[in-house]
2 protein chains.
Amino acid sequence: MQNSPDKSSGVYQENSYLFSNYAILAARLNRFRRTYNRYSQMSKTRPSLKDIAKELNISVTTVSFVLNGKGREKKISKEVIERIEKYIESINYKPNPIARSLRTGRSGILVFMVEDISNYFFAKLARIMEDLGYKHDYKMIFCSTENNDRRSKELIHLFRERQVDGFFLIPSSGIEKEVKNLIRQQVPVVLFDRYFPGLETNQVMIDNGDAAFSATEHLINQGYKSPAFITTDVKQTQMTERLEGYEKALKKYGLTPNILKIPFSEIHSAAGKELIATFLSNNPETDSMFFATNYLTQSGLEVIKYKFPGWLDSNGVLTFDDNDLFRINTPSITAIAQPLEEIGKHLMSMMMTLVNSSKPSEVAIQQQCLKAELIQRESTQRH
Amino acid sequence: MQNSPDKSSGVYQENSYLFSNYAILAARLNRFRRTYNRYSQMSKTRPSLKDIAKELNISVTTVSFVLNGKGREKKISKEVIERIEKYIESINYKPNPIARSLRTGRSGILVFMVEDISNYFFAKLARIMEDLGYKHDYKMIFCSTENNDRRSKELIHLFRERQVDGFFLIPSSGIEKEVKNLIRQQVPVVLFDRYFPGLETNQVMIDNGDAAFSATEHLINQGYKSPAFITTDVKQTQMTERLEGYEKALKKYGLTPNILKIPFSEIHSAAGKELIATFLSNNPETDSMFFATNYLTQSGLEVIKYKFPGWLDSNGVLTFDDNDLFRINTPSITAIAQPLEEIGKHLMSMMMTLVNSSKPSEVAIQQQCLKAELIQRESTQRH
DNA sequence: CTGAAAGCGCTAACAC
DNA sequence: GTGTTAGCGCTTTCAG
């Protein structure tokens with residue numbers, strides 16, 4: 001028996017190996033050892049599907065089916081379904097999501113990647129998305145890219161590996177290729193805030209150009225003759241469109257544009273504030289400033305407060321992106337408010353159509369362009 | 001051969017099963033089918049450890065060891081190590097973190113649970129933690145509990161299941177049991193902002209009582225005779241300590257406390273603002289207000305601006321928690337600033353000692369109580 | 001209708 | 001030094 005009677009047969013060769021007494025005993029020993037370890041750990045480890053099946057004397061398959069609500073579909077008997085559900089309930093069993101992810105490739109997690117989660121606009125939107133995700137049984141996770149390509153790429157990779165089910169993305173300028181890749185690999189992606197002009201993506205934007213145009217027109221209508229535009233040197237759509245809106249309005253009224261571009265790296269620094277101060281000194285005719293983002297406005301207000309006190313008494317200020325404290329400031333600041341709730345709603349509904357499709361890249365491209373609202377406050381009331 | 005010669009032997013019985021022609025063939029068929037499926041998917045699927053091992057003609061063990069930097073320890077030859085590393089590099093292989101988590105029970109993720117991620121204080125701290133985590137090779141994820149027990153518990157469960165490696169927690173009042181459980185189960189937990197008086201936990205707090213005392217004393221020294229304290233009805237430590245600090249100072253100077261407690265549910269609502277307005281009307285002797293949190297201050301400033309214009313010209317305002325815009329406001333607002341960077345630093349270093357221990361619950365309890373800083377601004381300068 | 005078993009990709013105990 | 005293999009907990013195909 002120890003030797004295979006027919007060396008030429010693969011089947012027998014395989015068996016001859018199995019028949020070696022040593023091999024058999026070693027295998028059994030191993031088996032016992034595993035089982036032992038299994039039981040000795042049992043007390044600390046949570047019950048698994050297998051445990052439930054064993055306890056109920058049915059197979060894991062059946063339990064799994066019931067667990068995933070496929071009981072009826074798989075024609076499992078009512079009594080069995082009930083018995084399983086009752087037991088699961090009673091021991092408060094929850095399937096291990098990691099194991100499930102490993103098997104299914106899905107995770108129930110959506111990522112929300114913004115420039116800086118501590119910025120008011122992004123933080124508020126994140127909060128809204130967190131609740132919306134919750135409603136759809138998705139967990140949202142957030143991260144800050146600093147509008148930096150390397151960091152964005154790293155984060156995309158990281159989450160991709162962790163099997164997140166979809167990306168809400170404020171893209172930094174150099175990640176077009178990564179975004180394309182995600183889409184090609186059937187990963188649901190929705191862009192917002194800014195987009196790639198050459199790339200057809202699912203996205204929800206606001207009409208930056210229109211909003212900036214109206215805002216500038218508002219300044220002009222209020223009697224300001226020389227509105228300046230304070231922006232950054234970022235070349236992404238959200239910024240270029242705002243600039244164009246401003247320029248278009250000035251052109252319409254035959255005024256001369258006056259633009260200050262602050263390097264992105266300096267937007268939170270003293271050097272950035274210095275640039276604003278210098279600009280204001282060098283352009284004394286400026287009777288109003290339109291800031292392209294809320295952090296620029298903060299810097300601007302600080303400069304005005306400490307270096308040009310009284311400037312606001314006779315001059316105007318207007319900002320893109322609202323903020324609770326702009327309402328409270330004296331004077332309160334006229335602001336272009338993005339419709340956060342609406343943005344969130346559209347983002348989530350687009351994402352849901354994508355995650356529910358087996359071929360997200362073949363879902364018809366969805367694009368939304370929302371209107372922002374100009375909230376007129378004291379800072380643009382001519383006295 | 002088909003029948004076991006000795007039915008009484010378990011060994012032979014097992015083999016007799018294996019020897020059934022049908023069973024063997026079915027098994028082989030299955031095997032082939034799987035393999036086929038495997039290869040047919042190959043093009044879309046990322047390379048796995050097994051693929052690498054096959055390609056390099058070595059075992060997965062060896063590759064795994066090298067991958068985890070155990071090459072030297074396991075005495076794997078230099079050439080092999082190099083060969084593996086080069087290949088891994090060349091195909092840009094990254095191990096699947098889900099599979100790794102399933103196996104190891106760890107995830108490389110830390111959770112940061114706060115009351116409301118869109119609140120300035122929490123958002124800023126989150127941003128700091130995100131960067132600190134990154135430095136220690138941990139991914140941070142954030143979520144908002146709304147200081148609500150049910151939600152906190154759900155989130156803790158959710159993340160616990162997902163094998164997060166540790167919790168930074170601002171506990172809501174009713175989750176003491178859950179926190180205890182986590183600790184008992186050897187899950188690293190660090191509390192901050194507030195704590196459970198009866199429970200010895202790893203924590204980093206600030207000296208709320210001292211800060212509130214000094215701030216109140218500052219008001220009194222500035223000549224304010226009747227400072228009011230505007231707080232919420234929340235009974236957690238961060239709030240009760242602030243209140244005590246205020247009361248202690250008033251007592252020291254023989255003044256009468258005047259306290260407004262706004263229900264937590266109304267802190268962001270119009271009703272909350274109404275309460276402040278009513279308070280101010282009913283207590284005309286109030287010559288300064290000390291707000292216990294930054295959102296109360298926002299409400300307060302709004303009420304003052306729209307219902308009591310000019311009030312700030314002769315009265316004072318002071319706030320717990322700083323905010324960029326308090327600096328910019330006119331008048332700029334005197335604030336108690338928490339040392340965010342320092343809090344973050346301590347939180348992370350405590351967490352690292354916990355995650356690096358095999359028995360986190362046996363690590364000596366670590367507690368830090370940091371000092372907050374009073375930043376004097378215009379809103380408390382007597383004119 | 002239910003069960004057996006493969007396999008997701010990795011780790012690590014153990015064999016040799 | 002290196003290879004074999006069980007097993008983490010689940011899903012799902014296929015058999016019967």
Side-chain angles (χ1 to χ4, degrees), chain A residues 17 22-23 25-38 41 45-54 56-68 70-81 84 93-106 161 163, chain B residues 17 22-23 25-38 41 45-54 56-68 70-81 84 93-106 161 163:
Chain A
Y17 167 76
Y22 179 79
L25 290 178
R28 311 211 117 201
L29 179 61
N30 258 330
R31 180 106 41 101
F32 285 133
R33 206 164 0 219
R34 304 297 175 192
T35 311
Y36 171 75
N37 283 340
R38 189 96 211 296
Q41 282 178 9
T45 203
R46 306 185 335 182
S48 75
L49 251 201
K50 204 188 249 175
D51 298 327
I52 294 177
K54 198 178 291 170
L56 262 37
N57 251 309
I58 39 185
S59 81
V60 285
T61 316
T62 311
V63 182
S64 175
F65 283 153
V66 171
L67 200 64
N68 293 309
K70 296 186 184 159
R72 284 231 57 73
E73 181 187 327
K74 299 288 179 179
K75 309 206 185 175
I76 291 171
S77 74
K78 269 222 158 55
E79 306 85 63
V80 173
I81 294 184
I84 295 175
Y93 167 78
K94 296 263 183 282
N96 178 329
I98 302 268
R100 190 175 258 180
S101 281
L102 180 59
R103 189 59 231 242
T104 62
R106 277 172 292 109
E161 278 173 0
Q163 322 265 42
Chain B
Y17 168 76
Y22 178 80
L25 290 178
R28 309 210 119 200
L29 180 61
N30 259 330
R31 180 107 41 98
F32 285 134
R33 209 168 354 222
R34 305 297 175 189
T35 312
Y36 171 76
N37 285 339
R38 190 95 211 295
Q41 284 179 9
T45 204
R46 306 184 338 183
S48 74
L49 250 201
K50 204 188 248 174
D51 298 327
I52 294 178
K54 198 178 293 170
L56 261 38
N57 250 310
I58 38 186
S59 82
V60 285
T61 317
T62 312
V63 182
S64 175
F65 282 152
V66 172
L67 199 64
N68 293 309
K70 295 186 185 160
R72 284 231 57 73
E73 179 187 327
K74 300 288 178 177
K75 308 208 184 171
I76 291 172
S77 72
K78 269 222 158 51
E79 306 86 62
V80 175
I81 294 184
I84 294 174
Y93 167 80
K94 297 264 183 281
N96 177 328
I98 302 269
R100 189 175 259 180
S101 280
L102 180 61
R103 189 61 232 240
T104 61
R106 277 172 293 108
E161 278 172 359
Q163 321 264 42

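Labels below follow one simple rule: chain letters A, B, ... track the order of the sequence lines, proteins then strands, and each chain is numbered from 1. In this text the structure is predicted, and so the values were computed from the model without any measurement.
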> To the nearest Å, how far apart are B:Q163 CD and D:dC8 C1'?
Replying inline: 9 Å

>> Using whole Å, what does the distance between atom C1' of nucleotide D:dG1 and atom CG of B:N57 come to?
In response: 16 Å

> For B:K70, which contact category applies under a 4.0 Å heavy-atom criterion: base, sugar-phosphate, or nothing?
Replying inline: sugar-phosphate

> Tell me: CZ of B:F65 to C1' of C:dT11, nearest whole Å?
Replying inline: 8 Å

> Base, sugar-phosphate alone, or nothing: which one does B:V80 contact when heavy atoms must sit under 4.0 Å apart?
Replying inline: sugar-phosphate

> Can you tell me how far P of D:dG9 sits from CG of A:D51, to the nearest Å?
Replying inline: 8 Å

> Where along residues 94-103 of chain B does a heavy atom come under 4.0 Å from DNA chain C, residue by residue in number order?
Replying inline: B:P95, B:N96, B:A99, B:R100, B:R103

>> Heavy atoms from C-beta onward define the side chain here; which of C:dT2, D:dT4, D:dG3 lies closest to that of B:V60?
In response: D:dT4

>> I need the CG-P distance between A:L49 and D:dC10, as an integer number of Å.
In response: 4 Å

>> Using every non-hydrogen atom in the two residues, find where A:R100 and A:P95 come nearest and quote the distance to one decimal.
In response: NH2-CG, 3.6 Å

>> Please report the distance, rounded to the nearest Å, between CD1 in A:I81 and C1' in C:dT2.
In response: 12 Å

> Picking from C:dA12, C:dT2, C:dT11, which would you name as closest to the side chain of B:L67?
Replying inline: C:dT11

>> From NZ of B:K54 over to C1' of D:dT5, roughly how many Å is that when rounded to an integer?
In response: 16 Å

>> Ignoring hydrogens, what is the shortest heavy-atom contact between B:V63 and B:I84? Give both atom names and the distance.
In response: CA-CD1, 4.0 Å

> Start at the 5' end of DNA chain C and walk down; is the nucleotide closest to B:T61 or to B:Y93 reached first?
Replying inline: B:Y93

>> If I take atom CD in residue A:E73 and atom P in nucleotide D:dT11, what distance separates them, rounded to the nearest angstrom?
In response: 14 Å

